[in-house]
Amino acid sequence: MTEFWKEHSKAATVEEMMLDSRARELTQHELPEILSMLPCLDGCRVLELGAGIGRYTSHLLTKAGHVTAVDFMESFVEKNRQDNGHHSNATFIRADVTKLDVPQNSIDFIFSNWLLMYLNDEELKSFIEKALGWLRPGGFLFFRESCNHRSGDSKRDFNPTCYRTEAQYSHLVSSVQAEGPESGQQFGFDIVLKKKVQAYIEMKNNPNQICWMLEKVPRSSNTQNGFSTFQQFLDNQQYTSRGILRYEKMFGAGYVSTGGPSTTKEFVDLLNLKPGQKTFGVEVLGLDLSDNMVDIAMERAVAEKLPSVQFEVADATKRTFPEDSFDVIYSRDTILHIDDKLALFKRFHSWLKPGGQLLISDYCCGKKPWTPVFEAYVKQRGYILYTPSEYGKFLEEAGFCNVRAEDRTAQFIQVIETELQRAEVIKDEFIEMSPSFLNSNSTSHTWPFSAVAELIDNASDPGVSAKQIWIDVAEEGGYHCLTFTDNGSGMTPNKLHKMLSFGFTEKGSGKASQQAIGVYGNGFKSGSMRLGRDALIFTKNGGCMTVGMLSQTYLENIKAQAVIVPIVPFNQQTNILHETISNVGVEYKSSTFMP
């Protein structure tokens with residue numbers, strides 16, 4: 001790493017530091033964007049790591065009580081000292097961040113820009129643990145990284161950078177824990193925000209510049225249904241990617257709660273939005289604490305070409321915005337998760353411009369006592385519920401005027417009855433197959449030879465018509481793998497999808513009313529799972545190559561509650577997803593098996 005930066009720090013310019021010929025133009029746009037994400041730093045002790053020539057140091061010094069700027073390249077440190085040494089609240093240190101010694105619980109805010117991607121996995125984990133210890137309780141860690149691939153256009157003879165995924169960083173920072181200043185205390189990081197740098201999207205069509213801000217918070221033994229953080233609970237239980245798509249199936253595309261598009265149009269019309277307004281739909285910033293929600297939202301915004309819509313993973317109770325930032329704040333069925341509603345409503349009031357509007361729909365409750373069944377349900381979901389009139393009082397206390405708190409129970413009972421009727425029509429599409437069925441289904445073969453016979457039989461099915469089949473043993477990653485290869489015509493993605501799924505049949509009498517689950521391809525599924533826990537299928541039809549995986553190991557590792565069969569078709573010449581994937585995708589979404 002030292003040799004790499006010696007090569008790219010000779011003149012100590014912003015172009016060298018950013019490894020990009022457009023560095024000055026990019027800085028004009030990205031620097032204020034990133035600074036706008038930071039919390040108030042008045043009087044704070046700031047540790048800036050990978051400070052470079054001081055692009056951010058000069059701004060941090062005007063906001064913080066004291067800034068310690070650290071970099072391991074002497075030329076960068078000296079340039080930073082020359083430009084910013086006149087500040088009385090600055091300290092400049094040349095040091096390797098992996099060997100840096102900082103007193104525990106002594107820092108209010110740690111800032112780094114393009115640092116962690118230069119650490120290997122072991123160094124990264126160690127650094128996150130150390131940073132958690134350096135911060136005082138309630139302190140923040142902010143970092144920005146290039147994810148997935150390089151962003152700068154500078155020539156590099158070699159590149160030691162680790163381009164990790166967003167998920168890798170998010171998983172690591174949410175799993176680290178450290179002891180607090182008092183015996184027995186445990187602390188961890190909560191994600192305050194995760195956001196793409198919009199300047200790079202607009203100027204370079206690059207969505208891989210990602211920022212995180214984390215807060216050091218106590219970890220309680222009373223976890224949310226076994227998860228360390230509320231965000232983990234949302235993404236792994238209530239709003240899994242699969243769960244979100246199932247909610248949509250019930251409530252309509254883009255909706256995960258009752259009411260769907262009809263009530264949304266009614267509520268939005270109440271706001272009388274006008275072009276140019278800025279809201280949490282005109283120029284829109286969408287916040288959600290669920291990574292899965294935001295990933296799907298951003299993917300669709302790109303597909304639908306909505307440049308005026310941005311999304312970020314954020315905790316609304318901790319995210320900060322300047323006063324008078326928005327014309328409208330709009331929230332649907334979310335605030336039931338938040339304990340201190342008054343504090344949140346006060347934040348909303350400060351973020352709104354004079355005359356700005358707040359519109360909330362949420363699950364409320366009647367007066368207590370509740371029935372035991374409802375009490376148990378609310379506890380299991382972790383909801384914090386109030387009556388509509390109590391909501392109204394909170395809003396007035398937060399400073400809002402002309403408050404209308406309406407009980408819409410009667411309206412939503414009618415809506416839910418309609419949704420239940422629709423659910424009855426499509427209920428067969430929600431049938432789930434337990435992962436344990438893969439093993440129990442394989443017990444139909446008492447002897448392994450009958451399982452082998454099933455796989456040989458597949459090669460002679462109509463439409464495949466293999467003339468030869470080879471059975472061999474190969475070693476992959478230290479494991480012995482039984483391989484079956486034939487010279488048949490192969491399968492299309494649709495054909496492979498049906499073979500690996502349960503619920504399709506093209507055999508037997510053909511009577512639609514008597515289609516048995518698993519008739520199509522069940523010999524392959526039962527046979528392969530009798531011989532091993534995992535099966536990889538490589539098939540080719542025309543110019544389309546398709547890979548499918550039926551894997552008990554995979555399902556256990558992701559703690560799947562239903563069978564999921566990943567299938568990836570791609571073009572043999574271009575190695576990109578095959579154009580027929582959109583047709584297959586329709587079938588995936590309406591079946592039990594999601595890609």
Side-chain angles (χ1 to χ4, degrees), residues 431-477 479-512 514-542 544-556 560 562-569 584 587-588 591-595:
I431 295 173
E432 290 187 340
M433 189 72 64
S434 168
S436 63
F437 181 77
L438 292 181
N439 180 60
S440 59
N441 187 43
S442 71
T443 60
S444 60
H445 301 282
T446 306
W447 303 101
F449 294 108
S450 69
V452 171
E454 284 283 10
L455 300 182
I456 295 173
D457 179 63
N458 266 20
S460 61
D461 276 349
V464 180
S465 303
K467 303 299 182 185
Q468 292 177 289
I469 184 167
W470 296 264
I471 304 176
D472 205 347
V473 175
E475 186 171 324
E476 292 289 341
Y479 293 92
H480 287 100
C481 304
L482 191 62
T483 66
F484 292 78
T485 309
D486 67 62
N487 63 351
S489 60
M491 290 176 281
T492 63
N494 276 299
K495 202 86 166 177
L496 180 62
H497 176 230
K498 289 183 177 181
M499 190 188 83
L500 292 179
S501 299
F502 295 83
F504 295 99
T505 179
E506 292 178 1
K507 301 180 180 180
S509 65
K511 295 179 181 179
Q514 298 179 5
Q515 289 186 352
I517 287 180
V519 172
Y520 189 104
N522 195 51
F524 173 83
K525 292 188 282 285
S526 63
S528 62
M529 293 296 100
R530 171 65 177 84
L531 297 171
R533 291 176 51 78
D534 311 294
L536 271 174
I537 305 92
F538 301 87
T539 187
K540 172 185 174 184
N541 189 280
C544 183
M545 316 279 283
T546 309
V547 181
M549 182 172 73
L550 190 65
S551 170
Q552 295 181 59
T553 304
Y554 166 68
L555 296 173
E556 284 181 5
V563 176
I564 300 171
V565 182
I567 299 175
V568 181
V584 179
E587 195 166 5
Y588 288 152
S591 79
T592 316
F593 304 90
M594 303 303 296

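We count residues from 1, following the sequence as given. Side chains included, hydrogens not; waters and symmetry mates left out as well; all remaining heavy atoms used. Bear in mind that the values here come from a model prediction, so they are computed numbers and not experimental data.
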Is the closest side-chain heavy-atom distance between Leu555 and Leu438 below 4.5 Å? yes
- Are any of the side-chain heavy atoms of Phe538 and Met545 separated by less than 4.5 Å? no
Would you say the side chain of Pro566 lies within less than 4.5 Å of the side chain of Tyr554, judging by non-hydrogen atoms?
-> yes
**Message:** side-chain contact (heavy atoms from CB on, under 4.5 Å), that's the test. Do Ile567 and Thr546 meet it? Break it down for me.
**Reply:** CA-CA 7 Å; Ile567 299 175; Thr546 309; 3.6 Å; yes
Asp486 and Trp470: CA distance, side-chain angles, deciding distance, side-chain contact (heavy atoms from CB on, under 4.5 Å) verdict: CA-CA 6 Å; Asp486 67 62; Trp470 296 264; 5.5 Å; no
Exercise for review: Report yes if the side chains of Arg530 and Pro448 come closer than 4.5 Å at any heavy-atom pair, otherwise no.
Suggested key: yes
Might you work through the side-chain contact (heavy atoms from CB on, under 4.5 Å) test for Leu550 and Ser528, ending with a clear yes or no?
-> CA-CA 9 Å; Leu550 190 65; Ser528 62; 4.1 Å; yes
Rounding to 0.5 Å, atoms CZ (Phe449) and CG (Leu531) come to a distance of 10.0 Å
d(Met491 CE, Thr539 OG1) to nearest 0.5 Å is 4.0 Å
Output for pair (Ile537 CD1, Met549 CE), nearest 0.5 Å, gives 9.5 Å
Worksheet item: Is it the case that more than 12 heavy atoms not belonging to Glu475 sit under 6.0 Å from its CD atom?
Response: yes
Here the pair of heavy atoms bringing Glu476 nearest to Cys481 is CB-SG, 4.0 Å
message = I'd like to know whether Leu455 forms a side-chain contact (heavy atoms from CB on, under 4.5 Å) with Phe524, so could you lay out the CA-CA distance, the side-chain angles of the two residues, the decisive distance to 0.1 Å, and finally the verdict.
response = CA-CA 6 Å; Leu455 300 182; Phe524 173 83; 3.4 Å; yes
I'd like to check Ile471 versus Val452 (side-chain heavy atoms, cut-off strictly below 4.5 Å). Are they in contact? yes
* Hey, mind stepping through Asp472 and Thr483 against side chain to side chain donor-acceptor pair (under 3.5 Å) and telling me if it holds? -> CA-CA 5 Å; Asp472 205 347; Thr483 66; 5.3 Å; no
Can a salt bridge be assigned to the pair Glu556 and Arg533 using a cut-off of 4.0 Å between side-chain N and carboxylate O? yes
